[in-house]
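Below is one structure; the comments refer to it alone.
The shown structure was predicted, so the numbers you read here are calculated from the model rather than taken from an experiment.
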Amino acid sequence: MAKNLVKLPFFKRNNKKKDTPEVPTFKQDLQARRFVDAGKQLIIREDRLFALKQEGIGSKRKLVEEEEDSEARLAKDYEDLIELVMRTLENSLDLQSAEEQEVLKDAVQAVLKEEEQDTRWEGFQKNERPPWRPRRCKQNHEALLERLVHRRMEEAELDSSVEIHSSMQQSITSKAKQLKGDLLKVVTWVRSCYPEHENVCQFYATLYHNIFSAKLREVAEYTLCDEDCVLLLQWVNLEYPNILNTIKIKEVIDHTKLDPLLPEDMITPLEQQFLTNEKREMSTHLCKILDREETAWKEGALPQLRDQVYCCLQAIDVIQCFHGHVDNTQKMLGDETKARNITCQMSDFLKDYEIFHAKVIKSRQTNTEAVLMVNLSFLIQCRDYITKNAHLFPEEVKTDCLSLLTTMTERSQHYFTSNMHKELKDLYRKVGSYEWLKDSHGICEELLAKLVRHIQKFNNLDKMCCQELLGGMHKEFLAEYVRKMMKHKITFSNKDQQQMAASELCLHSERIHTCLTAAGSNMDWLKDILPKLAELLKLQDPDSIKLELVNLMSVYPDLSDRHISAWLKLKGNLSTLDRRTIRESVTCQDQIKEKSDSLQFSRSFFSIVRIK
């Protein structure tokens, strides 16, 4: 069909009633674009001329002889009808009024009527049927629409207001815009002109889809630069699906019945190229962040304060960079599982970060503590991000990342708790000594006062990081307190001393817990440890002590034989035989531990109370 076809005017129907009704002639129906009526007239003439009957064709020579019509005239009228019908169909996507819609609907019905007439002639020999049968109007109609769609896609023009420099991008974008606009026209104007069973929307969608797919395949055959590769994937997995998911379009078009825009052998190399580029870009961005942090540390810079809290810029930048690339990969490839291919970059980055972290810990710069505080905040935020978004990581990558983060977090916490222990070393010596026996309250208060001064330096930490760090210090402080009590410096020789010591331990437990939770610790379960140990001091009956020990071991699975032995030695009035009997009676410790596996991580305490 020629490109520059002249659009035929749509004539208004003349529905005025006359005093004497006249039957319109074929020419009048044709001129008024009443295609169905015109077609019916031709079918009647065809039936009369060829004596078509419902039960078959018969010999009606006399009828034929009397018929003024001729085969040649009928054939010419058919040509005129079909030509106008097809030209009307060719203007399907230019409808602008309800009246034009009705004319198109009439043209469609005329095609279907012709298809029915072809069916009536099926089974007759060639010499028994009209020479123009079958007309195959429906087939020609579909071929015409295919040419129409092809022409419109070829002539698609880009919106002049859109700035696009790549000729490839211009071509794809203009065709996509034409596709979307025309499908909306089909849904809005053309759909109602066809019977529902014809599913014209799906037919048009398939035509446009195939042409758009052919264009993308043509582009994909060439070696593409990274920018063009991204563009192609963007259209395949993001932009084009968005067009098909336009509300009006998705209601009537089943996109699952459309072939893939690109075949597997074309899409796979593009995806690999994209993944390689994303990995490279992510690695570059993460390295820049690490270089920035290392440079600032070497220059002695202090972390930024925002509202008197250290601002952990590297956590913000790393997580945003990582998540941004993963999210972009997921959108571009249309599959979350494929995005996992780039998450290994987090593991590689954390290995480099571990080297930097070790340098900071070993250094003695003035900004070391402040940098480690911010690093700790970074490690905790990364750990929480990976834990909450575990679905983004292959299992081995997730495990590797969390292991690296745990190692660095423990090193940071050890750095700070070691400093705490150094500052409190002289006061720790008094715990569990005869001096403690004389003034346990004063020693406890002195310890806590110095501890509070020590932890004030953490006031600039964000709440989450401070909570975790002080929780660890709370645990370490209490563990050292218990360890000093088990050093065998003193024994409580009678019931009264044991009752008094137990009471003091309960008071100290409350005071320690109140002090550290007020500072930020969230280790609420630690408040029960000293009272439970104090209960062992108060009990005098060996059987009661056994029962209490079994209960204690069920709550704290890491309570060992050494810990039990050391604590029982505080009871000076307990014979060696009683101590041995008590210890032997709780040899079911291993079984108890197996039943309490779920508590080992949350209630692990005595494992850090190191008894020689």
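Classified by interplanar angle (parallel below 30°, tilted 30° to 60°, perpendicular above 60°), the ring pair Tyr428/Phe477 is tilted. Between His563 and Phe606, the angle of the ring planes lies from 30° to 60°, which puts this pair in the tilted group.
Here the CG atom belonging to Leu238 is positioned 10.5 Å from the CD1 atom belonging to Ile243, to the nearest 0.5 angstrom. The structure places CG of Leu437 at 15.0 Å from NZ of Lys430, a figure rounded to the nearest 0.5 Å. The CD atom of Glu239 sits 9.0 Å away from the CG atom of Leu231 when rounded to the nearest 0.5 Å. Here the CG-CG distance, from Asp462 to Leu469, works out to 10.5 Å after rounding to the nearest 0.5 Å. Atom OG of Ser433 sits about 5.0 Å away from atom CD1 of Ile443, to the nearest 0.5 Å.
Within a 6.0 Å radius of CZ in Arg562, no more than 12 heavy atoms belonging to other residues, nucleotides or ligands are found. The neighbour count for Gln365 CD, taken as heavy atoms of other residues, nucleotides or ligands under 6.0 Å away, is above 12. A 6.0 Å sphere centred on NZ of Lys457 holds more than 12 heavy atoms belonging to other residues, nucleotides or ligands. Residue-environment remark: CZ (Arg306) stays at or below the threshold of 12 foreign heavy atoms within 6.0 Å.
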>> For a salt bridge (Lys or Arg N to Asp or Glu O under 4.0 Å) check, start with the C-alpha distance between Lys279 and Asp348, then their side-chain angles and the critical distance, and finish with the verdict.
In response: CA-CA 11 Å; Lys279 287 179 182 178; Asp348 294 341; over 6 Å; no

>> The test is ring pair (Phe, Tyr, Trp, His ring centres under 6.0 Å); show your working for Phe349 and Phe322 and say whether it passes.
In response: CA-CA 10 Å; Phe349 168 74; Phe322 179 82; 9.5 Å; no

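Under the 4.0 Å criterion applied to side-chain N and carboxylate O atoms, Glu445 and Arg511 are assigned as salt-bridge partners. Remark: Asp317 engages Arg292 in a salt bridge, criterion side-chain N to carboxylate O under 4.0 Å. Look at Glu535 and Lys532 and you find no salt bridge, because none of the NZ, NE, NH1 or NH2 atoms lies under 4.0 Å from a carboxylate O. In summary, Lys351 and Asp400 engage in a salt bridge, as defined by a charged side-chain N under 4.0 Å from a carboxylate O. With salt bridges taken as basic N to acidic carboxylate O contacts below 4.0 Å, one links Arg411 and Glu354. The residues Glu294 and Lys298 are annotated as salt-bridged, a charged nitrogen and a carboxylate oxygen being separated by less than 4.0 angstrom. Taking 4.0 Å as the cut-off between side-chain N and carboxylate O, Glu548 and Lys538 do not count as a salt-bridged pair. Between Asp543 and Lys546, at least one side-chain nitrogen of the basic residue sits less than 4.0 Å from a carboxylate oxygen of the acidic one, meeting the salt-bridge criterion.
Between the side chains of Ser418 and His421, no donor-acceptor pair is found at a separation under 3.5 Å. Under the 3.5 Å distance criterion, with hydrogens and angles disregarded, no donor-acceptor pair is assigned to the side chains of Asn375 and Glu293. Under the 3.5 Å distance criterion, with hydrogens and angles disregarded, a donor-acceptor pair is assigned to the side chains of Gln498 and Gln540. Of the N and O atoms on the side chains of Thr295 and Glu299, not one donor lies less than 3.5 Å from an acceptor on the other residue.
None of Ile361, Leu379, Leu376 except one satisfies the side chain to side chain contact (heavy atoms under 4.5 Å, CB included) rule with Met408; the exception is Leu379. Considering Leu424, Asn419, Asp426 as possible partners of Lys422, the one that fulfils the side chain to side chain contact (heavy atoms under 4.5 Å, CB included) test is Asn419.
The side-chain contact (heavy atoms from CB on, under 4.5 Å) check on Ser565 picks up Lys569, Arg583, with sequence neighbours excluded. The ring-ring contact (aromatic ring centres under 6.0 Å, His included) test applied to Tyr415 returns no partner, not counting sequence neighbours.
Although no hydrogens or angles enter the test, the distance criterion places no donor-acceptor pair under 3.5 Å between the side chain of Asn460 and the main chain of Val309.
Sorted by first and then second residue, the ring-ring contact (aromatic ring centres under 6.0 Å, His included) pairs with a member in residues 276-309 read His285-His325, Trp297-Phe356; sequence neighbours excluded.
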